[in-house]
Participant: 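Pasting a structure here, questions to come.
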Amino acid sequence: MPVLVMKFGGTSVATLDRIKRAAKKVGVEVAKGYDVIVIVSAMSGKTNELVGWVNETSPLFDAREYDAVVSSGENVTAGLMALTLQEMDVPARSWQGWQVPLLTTSAHSSARIEEIQTDNINAKFGEGMRVAVVAGFQGLSPEGRITTLGRGGSDTTAVAFAAAFEAERCDIYTDVDGVYTTDPRICEKARKLDKIAFEEMLELASLGAKVLQTRSVELAMKYKVRLRVLSSFEEQSDEAGTLVCDEEEIMEQNAVAGVAYSRDEAKVTLISVADRPGIAAAIFGPLADAGVNVDMIVQNISEDGRTDMTFSCPIDQVARAEKAMNAAKAADSINFHDLVADTDVCKVSIVGIGMRSHAGVAAKMFDCLSREGINLKVIGTSEIKVSVLIDRKYMELAVQALHDAFELEKTA
Ligand code: ASP
Ligand code: MG
């Protein structure tokens, strides 16, 4: 029988009533003839509570025990979902990650999936089981310990199962009814997209849109898993939500598909570093080693053999970046006059595969922001996105102005 993967996020399984509502949706698909793999998150708020308990017990915790604790939220919802389905006379059972087994690397708290063995679940489907309820977010390390996949990891579990079982589709049920042109809380003209290309979704997710874990989109793109984002609070229909799919499936394309933002950015400038071969490696090597996620980089024109080097990173990594740079300076591997951190910035980005074929998209963005009197501090581009770093107080204004300028409220 064809397989469908249905993933329910924390708000969709937050109470017994909601689990019932979700189970009914599963029942509808079973009645259509699908064997269903249900991936569940922990009840909303549960994982945060578990993380809090770990931190309170042991600030410098053993990551293996962290995973043992924080993976438990999903075990509860998996069992409850299986019981709810059984009450509806749907043959179902729960599976924890190690039982599948879903094998991962041993990078505790951010493990990567290596393999999903399909034999056990397929054997049960063969015996008449119609729904395998799998605890999301967790797996088994080569050492035989429980691992977790990083916050939001159930999305990745779901896509990986869809790929492994060659599912017809992977439906991600959440508390919003799809992917929007931008955050509707910031811009009331935001429009729900019917379809979005993998590449665009990947950029939007990594640039700050929170609907899907970035890695789940990477996986979906790699294995061409048709991914649908939809609300568990609305009536079921085959057209509901947003389909994340191959760009070939999207006929009409605006130059820009969406506007993303990330509020908590910082801009760090090393003033007057020697401009010589190897200087970028001497700066960004230690930053990478210190776990600083550097995003945009600008090197100024140099004067008298010295230059300023500017980069952006998440605001909560500035202290780490400063420490790493001061250590490198003390070790004489770099030399700079001053380090200046601007922590009042945010990043606003436009994303669209249509940019490849439309000229002047960046110019239009800059013109739009200049009309609002917004100064651009750093600019970064890729083939399908343009990002700018601006003062945080202009974030909402910039998002709204760009949404208007590119007429994102209109379909192509
Ligand atoms: N419960 C985990 C978290 O909150 C995983 C997930 O829900 O995707 O991060
Ligand atoms: Mg999530």
Side-chain angles (χ1 to χ4, degrees), residues 203 206-208 214 259-351 355-356 359-395 397-398 402:
E203 288 284 9
S206 57
L207 290 168
T214 306
V259 182
Y261 65 85
S262 149
R263 191 183 297 271
D264 300 314
E265 299 288 318
K267 169 175 157 262
V268 179
T269 303
L270 296 175
I271 296 177
S272 187
V273 290
D275 190 8
R276 56 165 172 82
I279 191 65
I283 292 171
F284 296 104
L287 287 172
D289 293 342
V292 178
N293 295 308
V294 171
D295 178 26
M296 303 151 118
I297 298 174
V298 184
Q299 183 181 338
N300 281 8
I301 290 178
S302 68
E303 230 176 277
D304 303 327
R306 301 193 77 82
T307 184
D308 294 344
M309 190 76 90
T310 297
F311 61 89
S312 71
C313 69
I315 198 166
D316 56 3
Q317 295 179 0
V318 170
R320 247 188 277 170
E322 281 187 58
K323 200 172 153 205
M325 291 298 90
N326 287 327
K329 188 178 182 183
D332 260 347
S333 56
I334 53 172
N335 175 324
F336 54 87
H337 286 179
D338 204 1
L339 182 154
V340 183
D342 179 353
T343 52
D344 288 323
V345 294
C346 69
K347 182 171 61 177
V348 174
S349 312
I350 54 173
V351 172
M355 277 182 210
R356 291 187 195 134
V361 174
K364 187 167 172 180
M365 177 186 199
F366 303 152
D367 178 59
C368 160
L369 296 174
S370 77
R371 280 169 202 275
E372 302 296 337
I374 300 172
N375 190 35
L376 311 182
K377 300 187 155 189
V378 182
I379 299 168
T381 64
S382 82
E383 201 189 12
I384 66 161
K385 76 152 193 236
V386 185
S387 297
V388 293
L389 220 56
I390 60 174
D391 279 331
R392 188 170 303 122
K393 64 181 181 215
Y394 295 129
M395 192 182 81
L397 175 64
L402 290 168

Participant: What's the spacing between Glu372 CD and Leu402 CG if we round to 0.5 Å?
Facilitator: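 CG of Leu402 is found 9.0 Å from CD of Glu372.
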Participant: Quick one: does Cys313's side chain get under 4.5 Å of Val318's, heavy atoms only?
Facilitator: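 SC-SC contact between Cys313 and Val318 confirmed.
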Participant: Enter the distance from Met309:CE to Ile279:CD1 here, rounded to the nearest 0.5 Å.
Facilitator: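 Nearest 0.5 Å value for the CE-CD1 distance: 6.5 Å.
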Participant: Pair Leu270, Asp308 - check side chain to side chain contact (heavy atoms under 4.5 Å, CB included), show working.
Facilitator: CA-CA 6 Å; Leu270 296 175; Asp308 294 344; over 6 Å; no
Participant: I need the minimum non-hydrogen distance between Pro314 and Asn293, along with the two atoms involved.
Facilitator: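 For Pro314 and Asn293, the tightest heavy-atom pair comes out as CD-O, 3.3 Å.
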Participant: When rounded to the nearest 0.5 angstrom, what distance separates OG in Ser387 from CG in Leu389?
Facilitator: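 So the OG of Ser387 and the CG of Leu389 are separated by 9.0 Å.
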Participant: Evaluate the criterion side chain to side chain contact (heavy atoms under 4.5 Å, CB included) for residue pair Ile379 and Phe366; output intermediate values, then yes/no.
Facilitator: CA-CA 10 Å; Ile379 299 168; Phe366 303 152; 3.7 Å; yes
Participant: If you take all heavy atoms of Asp264 and Arg392, which pair is closest and at what distance?
Facilitator: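 In this case the closest contact between Asp264 and Arg392 is CA-NH2, 4.3 Å.
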Participant: At their closest point, which heavy atom of Thr307 faces which heavy atom of Ile301, and how far apart are they?
Facilitator: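 Closest heavy-atom pair between Thr307 and Ile301: OG1-O, 3.9 Å.
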Participant: Could you check if a side-chain atom of Val273 sits within less than 4.5 angstrom of a side-chain atom of Asn335, using non-hydrogen atoms only?
Facilitator: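 Not touching, per the 4.5 Å side-chain cut-off.
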Participant: Met296 and Gly380: which non-hydrogen atoms are nearest, and at how many Å?
Facilitator: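 Smallest heavy-atom distance, with atoms named: CE-N, 3.5 Å.
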Participant: Give a yes or no answer on whether the side chain of Asn326 reaches the backbone of Glu322 with a donor-acceptor pair at less than 3.5 Å.
Facilitator: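 Indeed, once roles are kept as given, a pair shorter than 3.5 Å links the two residues.
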Participant: How long is the straight-line distance from CD of Glu203 back to CD of Glu383, given to the nearest 0.5 Å?
Facilitator: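 Interatomic distance, Glu383 CD to Glu203 CD, rounded to 0.5 Å: 10.0 Å.
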Participant: Testing the 3.5 Å rule here: is there a donor-acceptor pair between the side chains of Gln299 and Asp275?
Facilitator: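 Side chains of Gln299 and Asp275: pair found under 3.5 Å.
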Participant: Return the CD1 to CD1 distance between Ile384 and Ile350, rounded to the nearest 0.5 Å.
Facilitator: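 Rounded to the nearest 0.5 Å, the CD1-CD1 separation comes to 11.5 Å.
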Participant: Please evaluate residues Ile374 and Leu397 with respect to the criterion side chain to side chain contact (heavy atoms under 4.5 Å, CB included), reporting the C-alpha separation (whole Å), side-chain torsions for both, the decisive distance (0.1 Å), and the verdict.
Facilitator: CA-CA 9 Å; Ile374 300 172; Leu397 175 64; 4.1 Å; yes
Participant: To check you understand the geometry: which heavy-atom pair defines the closest contact between Leu369 and Leu376, and what is its length?
Facilitator: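 Heavy-atom minimum between the residues: CD1-CD2, 3.6 Å.
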Participant: Please examine the side chains of Leu207 and Lys385, heavy atoms only from C-beta on, and report whether any two atoms are closer than 4.5 Å.
Facilitator: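 In short, these two side chains touch, coming nearer than 4.5 Å.
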Participant: When rounded to the nearest 0.5 angstrom, what is the spacing between CE in Met395 and SG in Cys346?
Facilitator: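 Rounded to the nearest 0.5 Å, the CE-SG separation comes to 5.5 Å.
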Participant: Quick one: does Leu339's side chain get under 4.5 Å of Val268's, heavy atoms only?
Facilitator: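 Result yes, sub-4.5 Å side-chain heavy-atom pair found.
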Participant: Could you check whether Arg306 and Asn300, counting side-chain N and O atoms only, form a donor-acceptor pair closer than 3.5 Å?
Facilitator: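 Looking only at side-chain atoms, Arg306 and Asn300 do not form any donor-acceptor pair under 3.5 Å.
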Participant: Which heavy atom in Ala282 sits nearest to a heavy atom in Ser333, and how many Å separate them?
Facilitator: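 Scanning both residues completely, I find the closest heavy atoms to be CB-O, 3.8 Å.
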Participant: Just wondering, do Phe284 and Ile297 contact through their side chains at under 4.5 Å, heavy atoms?
Facilitator: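 Ile297 vs Phe284: side chains touch.
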Participant: If you draw the axis of the six-membered ring of Tyr261, does the NZ or CZ of Lys347 fall within 45° of it and under 6.0 Å from the ring centre?
Facilitator: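 Pair Lys347/Tyr261 does not count as cation-pi.
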Participant: Any carboxylate oxygen within less than 4.0 angstrom of a Lys/Arg side-chain nitrogen, looking at Asp391 and Lys377?
Facilitator: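 Looking at Asp391 and Lys377, the cut-off is met.
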Participant: Given the rule in the side chain to side chain contact (heavy atoms under 4.5 Å, CB included) test, do Phe336 and Ile271 qualify, once you have shown the distances and angles that lead to the verdict?
Facilitator: CA-CA 6 Å; Phe336 54 87; Ile271 296 177; over 6 Å; no
